[in-house]
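Presented below is the structure to which this report refers.
These figures come from a predicted structure and were not determined experimentally. Here is the naming used below: chain letters follow the sequence lines, and residue numbers restart at 1 for every chain.
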2 protein chains.
Amino acid sequence: MSELSTERRPRADAERNRARVIEAARTLFGERGDEVQMPEIARAAGVGVGTVYRHFPDRQALVEAAAEHRFAEIERYARTRCLGGDSGLARYLRYVGRMLSRDRGLSSAIETSRGSTGSEPRGEARARLETVVAQVIARDIEAGTLRPDCTVGDVYLIVGCLSSVVRTGSGDWRRFLDLALDGLRPRQIPR
Amino acid sequence: MSELSTERRPRADAERNRARVIEAARTLFGERGDEVQMPEIARAAGVGVGTVYRHFPDRQALVEAAAEHRFAEIERYARTRCLGGDSGLARYLRYVGRMLSRDRGLSSAIETSRGSTGSEPRGEARARLETVVAQVIARDIEAGTLRPDCTVGDVYLIVGCLSSVVRTGSGDWRRFLDLALDGLRPRQIPR
DNA sequence: ACCTGAACACCGTTCAAGT
DNA sequence: ACCTGAACACCGTTCAAGT
């Protein structure tokens, strides 16, 4: 009857192993993106493959877990540096572009988390991020630098494309952002 | 000394097999995109896997060959229907979007042909297409509906993103195009 | 010359055995 | 409870044998 929570205190070595796996995954995915293999991560973490799978149901889950801290960083940046001026969204998107260029694993996480039904929370850092992005959008619209019909969905659309451009190296992502941002500006003097 | 050309006349059955492989690949890639497997294509074509590899060096080459006729179709559409009015590029991009929605294999071909060095011809249909796209751009710029600094590279950038949006189903590709096209319009009354 | 398909290589994932 | 790593499943690609 003292079983109020389903949570179990994990064994100390289990917790340490989990941390090591995440650490190794961050480094390797960050450097080489999606091509890194599971046995290599296990080796770098100093554990067996089975241990990796004990902590993460599949490869995809590990990719997401390894990228989670980036979403937290991005959320923090958006909250502290994109709510002050009148073109916060531009600042935000350029920051995301730089992040994607530096951390190739972030790109994989964003790309693959989209094929899903679309409505799964996928980590609380992302949920928080969505809230802040909505605030950035509202602020820019009020400042008159953003078209009034712009939604969070539009920003996701653009982030996804940005990720695709960076990942494939098919062009200059800064140029893409310039075009996209122009597309998001309000029509000046419509008549 | 009568060997003026390196070309050899292929045996009749070889040519027939090649055609069958392409036909099977078009159908299957078109329906289910990148997930279709080589043995399945071989079976559908009524040949052994080895025969597929005799005609196409690897999977990627087959994907490209199967999509080649789409590039020809798109080039024809661009040439006949996008050089008349004053917003040919918008017509063009919407047509590409519809094609990508219908033929899932085209998406794979576009996606994967980008990671490369960037400067390989990759089939003559694509080379011809590039020429026509340049003409569409020039015409729209002259008509004043397109920003004067728009390049073929910009259009490729947008087609790549369009492909990514359609493939991942991460959002409404028509909405994305509306935004991108707005970004490509000339700034009205800049001062 | 070209075809066939069993065999190989590779990588994600599982599970029997160990502590 | 958790860990290990050999074994399995799967799929792209090769190649010895056949016509």
Side-chain angles (χ1 to χ4, degrees), chain A residues 2-3 5-25 28-29 31-67 104-105 108-109 111-113 115, chain B residues 2-3 5-25 28-29 31-67 104-105 108-109 111-113 115:
Chain A
S2 66
E3 189 57 81
S5 152
T6 336
E7 314 258 318
R8 296 255 165 196
R9 195 99 187 289
R11 238 164 58 178
D13 59 341
E15 203 147 20
R16 194 170 52 238
N17 280 338
R18 190 192 148 90
R20 279 184 186 166
V21 170
I22 287 245
E23 176 59 27
L28 293 174
F29 283 140
E31 282 168 8
R32 288 168 22 226
D34 221 24
E35 76 192 24
V36 182
Q37 307 159 188
M38 296 300 273
E40 187 178 355
I41 292 170
R43 217 178 315 124
V47 301
V49 252
T51 302
V52 176
Y53 280 93
R54 163 165 286 268
H55 292 290
F56 305 96
D58 56 23
R59 204 190 123 88
Q60 175 58 22
L62 180 56
V63 169
E64 307 239 355
R104 310 237 286 109
S108 314
E111 290 294 314
T112 49
S113 70
Chain B
S2 66
E3 190 57 81
S5 153
T6 336
E7 314 257 320
R8 297 254 164 195
R9 191 99 187 296
R11 238 165 55 179
D13 58 342
E15 203 148 22
R16 194 170 52 237
N17 280 337
R18 192 192 147 90
R20 280 184 186 165
V21 170
I22 288 246
E23 176 58 27
L28 292 174
F29 283 140
E31 285 169 6
R32 284 164 28 221
D34 221 24
E35 75 192 25
V36 183
Q37 306 159 190
M38 297 299 272
E40 186 178 357
I41 293 170
R43 218 178 314 125
V47 301
V49 253
T51 302
V52 176
Y53 281 93
R54 164 165 283 267
H55 292 290
F56 306 95
D58 56 23
R59 204 191 121 91
Q60 176 57 22
L62 180 56
V63 170
E64 307 239 355
R104 309 236 287 112
S108 313
E111 291 294 311
T112 49
S113 70

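Nearest nucleotide to the A/Pro39 side chain, out of C/dG12, D/dC3, C/dC2: C/dG12. Closest to the side chain of B/Arg54, out of C/dT14, D/dC2, C/dC3, is C/dC3. Among the nucleotides D/dT4, C/dT13, D/dT13, the one closest to any side-chain atom of A/Thr51 is D/dT4. Set against C/dG12, D/dC3, D/dG12, the side chain of A/Tyr53 has C/dG12 as its closest nucleotide. Nearest nucleotide to the side chain of A/Val47, out of D/dT4, C/dT13, D/dC3: D/dT4. Distance from the side chain of A/Asp13 is smallest to D/dC2 among D/dT13, D/dC2, D/dC11.
Pairing for C/dT13 is with D/dA7, a Watson-Crick or G-U wobble pair whose two hydrogen-bonding atom distances lie under 3.5 Å. Summarising the base pairing, D/dT19 is matched to C/dA1 through a Watson-Crick or G-U wobble pair whose two defining distances lie under 3.5 Å.
At the heavy-atom level, B/Arg59 lies under 4.0 Å from the strands shown only through sugar-phosphate atoms. Within 4.0 Å (heavy atoms only), A/Arg11 reaches at least one base atom of the nucleic acid.
A heavy-atom distance below 4.5 Å is not found between the side chains of A/Phe56 and A/Glu64. By the 4.5 Å heavy-atom criterion applied to side chains, A/Arg59 and A/Asp34 are counted as neighbours.
In this structure, A/Arg11 CZ and A/Arg18 CZ are separated by 16.0 Å, a value rounded to the nearest 0.5 Å.
Between B/Arg20 and B/Asp13 there is no salt bridge, since no side-chain N of the basic residue sits under 4.0 Å from a carboxylate O of the acidic one.
If you take CZ of A/Arg43 and P of D/dC3, they are 19 Å apart, rounded to a whole angstrom. Atom CZ in B/Arg20 sits roughly 13 Å away from atom C1' in C/dC3 (whole-Å rounding). A straight line from CZ of A/Phe56 to P of D/dC2 spans 14 Å, rounded to a whole angstrom. Nucleotide C/dC11 holds its P atom 10 Å from the CD atom of A/Glu35, rounded to whole Å. The CD atom of A/Glu15 sits 14 Å away from the C1' atom of D/dA1 (whole-angstrom rounding). For B/Ile41 and D/dC11, the CD1 to C1' distance is 12 Å, given to the nearest whole Å.
The shortest distance between the side-chain N/O atoms of B/His55 and the OP1/OP2 oxygens of C/dC2 is not below 4.0 Å.
What you find for B/Leu28 and B/Ala44 is that their closest heavy atoms are CD1-CB, 3.9 Å.
Along DNA chain D, the nucleotide nearest to A/Arg18 and the one nearest to B/Met38 differ in position, and the one closer to the 5' end is contacted by A/Arg18. Between A/Asp58 and B/Asn17, the residue anchored closer to the 5' end of DNA chain C is B/Asn17, taking for each the nucleotide with the nearest heavy atom.
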